[in-house]
Amino acid sequence: MVLHKIKRLLTKLGAGCVNKIWRLGAGGRLFWLTLLSSGESFRRFRLTIREVYFTGVLSLIIILVSAFFVGMVLALQGYHTLQKYGSSEAIGVLVALALVRELGPVVTALLFAGRAGTAITAEIGLMKATEQLSAMEMMAVSPIARVIAPRFWAGVIAMPVLATLFSMVGILGGYLVAVPLIGVDEGAFWSQMQANVDWEYDILNGVLKSVVFGVACTMIALFEGYDAPPTAEGVSRATTRTVVTSSLAVLGLDFILTSFMIAM
Amino acid sequence: MERTTIDLWVGIFVALGLAALLGLAMKVGNLTTSSIGETYIVTANFENIGGLKPRAPVKSAGVVVGRVGEINFDPKTYEAVVSLSIDKRYNFPKDTFANIYTAGLLGEQYIGLEAGGDETNLKNGDKISQTQDAVVLEKLISQFLYSKATEGDDKASKTASTSTETGGDALDASPLDKIGK
């Protein structure tokens, strides 16, 4: 009886593992196919521009408002701690480094997964459920070049732009709290920031991070939609999985990228 | 939505992103201050560089004139070889003195150059021969304690000597000796 239970448990574990690996492989295959058909989709670049509008421009408001509040909270919290050590002028460095190196790319990616990733998954899942993708194949139009690749490149373009805007607006929020509200010296705020934030090591690495997150988030969203069972329940589950997987992937990738960047 | 409207919005979006990147580079980062046009490289040997790091500033009279490039260890002389890339606009005489200073009490370390009086200037690949090491806090404290101890204060020296004597006794009188006796 117990043996039987253990056997069943192990079988379940094995099936789960095989399923995960299968999905990873299928995702990798879709990624490769997307890259292969990118040239074809670039010939109709208007499709990509349209998707940049939907994933990027329409995400602007949530990204900018969050950035503003994140920056303001960072300045308040940072001031509270720095003031104990008598170095409240370093608040500019703290806010800028935290935003440019970490919070900008990561929070943007998390918000992007929730705002744009879910939309992509639901849209493609529904296209699949209503057999639009099959219809395209029937007409000898590759759904990967027509539907998947433009959305992929739109995400890859939109994410760094959003992350840079996030950092900039966050720093402005931090400035508004630190200088007019708390009364930190304005000159020290900017000059210390400029002295300690490096263009290549901090800013460009942050942009690089956001590009990687853009690839990961968009690809996960596309794959979940493309792979969703063609039912209402299947699409809803796929949408949930998009958010969970993207968030975990972003945080995991962030650790790996940061460890490489700091070691360099 | 109209095609041109979408194009316009995407254009604004991308332009905003580029503007933010430019803003980060100019206002937040040190692209404007750190990009020291053309540079020439000189090296300097130090016995101890303390916490000096690559890309630390090289200052003369408090003005940043260059950056620290590579820091290597010379296995023959057991010294640190620091290469300094200095702005081409600034020339320093051959007998320039290179010190490692600390900004503030706990701040970062930087290299300070003090110009000498030589007629010829440092060229690319030259070596600065006169250097002064970083001040290591532990050394400073031990020097201070040592000088305090040897100030000639009778009482202090007495207690110091007695303490060493007792310490010595304790070391000599190992249990094995007692057994032997």
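Chain A is the first sequence line, chain B the second, and so forth, proteins listed ahead of strands; every chain is numbered from 1. The model shown is predicted, which means the values in this text are computed figures rather than measured ones. Heavy-atom basis, side chains included; hydrogens, waters and symmetry copies ignored.
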Do A:P105 and A:D254 come within less than 4.5 Å of each other through their side chains, counting heavy atoms only?
->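 A:P105 vs A:D254: side chains apart.
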Sort [X] into side chain, backbone, both or neither according to what part of it lies under 4.5 angstrom from a heavy atom of chain B.
{"X": "A:L165", "value": "both"}
{"X": "A:V207", "value": "side chain"}
{"X": "A:V169", "value": "neither"}
{"X": "A:I49", "value": "both"}
{"X": "A:A163", "value": "neither"}

Polar contact flag, side-chain donor to acceptor under 3.5 angstrom, [X]-[Y]:
{"X": "A:E89", "Y": "A:S191", "answer": "no"}
{"X": "B:S85", "Y": "B:T39", "answer": "no"}
{"X": "A:S41", "Y": "A:W153", "answer": "no"}

Check the pair B:N121, B:F92 against side chain to side chain contact (heavy atoms under 4.5 Å, CB included), reporting the backbone distance first and the verdict last.
-> CA-CA 5 Å; B:N121 283 334; B:F92 288 93; 5.9 Å; no
